[in-house]
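Just so it is clear, the values below take in all heavy atoms, side chains as well, and ignore hydrogens, waters and symmetry mates. Values in this document were obtained by computation on a predicted structure and should not be read as measured data.
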Amino acid sequence: MRRIPAAAILAVSFSGCAGLFAKDQAAADFEKETSATEARVKEDRARSALGRFEESIADFYKAEKRIPERLDQLVPKYLAAIPSLDLPACGRETERVQAYSADILRGGQVDGSRLMGTGRWGYVYNESQVIIFVDCLKASSRGIPWYQERGLF
């Protein structure tokens, strides 16, 4: 019986490991790319939902001649349901809404320093404007804080 030197066994073992490391790196790269794609999809869904909210509020205002006091007043006539918000950076998936008083508005914009950052849909209105937003201080992939993002029509 012929003996194989230990160094040869180690060399074969390490070369096999190199293949495993390469596969692990490829899997990690794939997972990272997949996660980034999923994050973009979730962000696009949130922006689309903001757009649907904005359209529904406009339709409500045209028909009712007033601003809705709560977003659930849009359901089901103007909006089928409150859309799910799923932005992992901002919190858990939710359909909940955080209503704010008009004093969080500064110069016609939401003042981020006055937000609670609940990760929910945010809603504020006064006699001249209505703003629906994501109640999150973290930035979107565009580098804009989520509370400043607006919907896509």
Side-chain angles (χ1 to χ4, degrees), residues 14-153:
F14 286 134
S15 67
C17 288
L20 288 176
F21 290 136
K23 288 179 185 175
D24 287 346
Q25 184 60 46
D29 290 345
F30 177 77
E31 187 174 317
K32 185 177 179 181
E33 186 176 317
T34 301
S35 293
T37 300
E38 287 174 3
R40 281 192 301 275
V41 167
K42 288 179 178 185
E43 285 195 359
D44 287 345
R45 283 186 190 142
R47 288 184 194 97
S48 293
L50 285 167
R52 286 192 312 275
F53 271 127
E54 292 166 359
E55 286 179 285
S56 299
I57 290 168
D59 292 343
F60 181 98
Y61 186 80
K62 283 179 194 173
E64 308 283 331
K65 306 295 186 236
R66 65 183 178 89
I67 295 171
E69 294 171 8
R70 297 177 328 275
L71 290 180
D72 62 357
Q73 291 176 312
L74 301 172
V75 178
K77 188 173 181 181
Y78 303 98
L79 192 64
I82 300 294
S84 180
L85 177 61
D86 185 12
L87 296 171
C90 296
R92 287 192 230 150
E93 185 173 358
T94 185
E95 292 85 27
R96 297 185 69 189
V97 177
Q98 180 64 51
Y100 284 96
S101 64
D103 64 353
I104 71 159
L105 297 174
R106 294 282 182 260
Q109 300 293 319
V110 172
D111 179 357
S113 70
R114 307 197 74 203
L115 294 179
M116 291 186 276
T118 62
R120 301 174 182 172
W121 295 114
Y123 182 61
V124 61
Y125 67 94
N126 60 23
E127 65 282 342
S128 62
Q129 71 183 126
V130 176
I131 300 177
I132 180 74
F133 58 97
V134 176
D135 187 13
C136 180
L137 302 172
K138 295 183 179 173
S140 70
S141 62
R142 297 178 182 177
I144 301 167
W146 268 105
Y147 69 89
Q148 292 178 349
E149 285 278 357
R150 294 296 167 252
L152 302 174
F153 289 103

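With R47 contributing its side chain and E149 its backbone, the two residues share no donor-acceptor pair below 3.5 Å.
In this structure, CD on Q109 lies 11.5 Å from CZ on F133, to the nearest 0.5 angstrom. Residue R96 holds its CZ atom at 12.0 Å from CG of D135, rounded to the nearest 0.5 Å. From I132, atom CD1 reaches atom CG of L74 across 8.5 Å, with rounding to the nearest 0.5 Å. Once rounded to the nearest 0.5 Å, the distance linking CZ of R120 with CG of L71 reads 12.5 Å. Here the CZ-CH2 distance, from F53 to W121, works out to 5.5 Å after rounding to the nearest 0.5 Å. For the atom pair CZ of R45 and CZ of R52, the computed distance is 10.5 Å after rounding to the nearest 0.5 Å.
Across all their heavy atoms, S141 and E43 have their closest contact at OG-OE1, 2.6 Å. The minimum heavy-atom distance linking C90 with W146 is given by the pair SG-CD1, 3.7 Å. Of all non-hydrogen atoms in L79 and S56, the two that sit nearest each other are CD1-OG, 3.4 Å. Minimum interatomic distance between A46 and L85 (heavy atoms only, all atoms of both residues): CB-CD1, 3.9 Å. Scanning both residues, I131 and G108, for their nearest heavy atoms gives CD1-O, 3.7 Å. Shortest non-hydrogen contact noted between I82 and E95 is CG2-O, 3.0 Å.
When side chains are defined from C-beta on, Y123 counts as touching I57, because their heavy atoms get closer than 4.5 Å. Side-chain contact between V110 and L105 is present, with at least one heavy-atom pair separated by less than 4.5 Å.
Under a cut-off of 6.0 angstrom, the local environment of CZ in R114 is crowded, with over 12 non-hydrogen atoms contributed by other residues, nucleotides or ligands.
Using modelled atom types, one finds no donor on one side chain facing an acceptor on the other under 3.5 Å when comparing D86 with S84. Side-chain atoms of R40 and T37 include a donor-acceptor pair closer than 3.5 Å.
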Original post:
Between L115 and L137, does a side-chain contact (heavy atoms from CB on, under 4.5 Å) hold up when you go through it step by step?
Top reply: CA-CA 8 Å; L115 294 179; L137 302 172; 4.1 Å; yes

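The residue from E55, E64, Q73 that alone fulfils the side chain to side chain donor-acceptor pair (under 3.5 Å) condition with Y78 is E64.
A salt bridge is absent between K42 and E38; no separation between the charged side-chain nitrogens and carboxylate oxygens falls under 4.0 Å.
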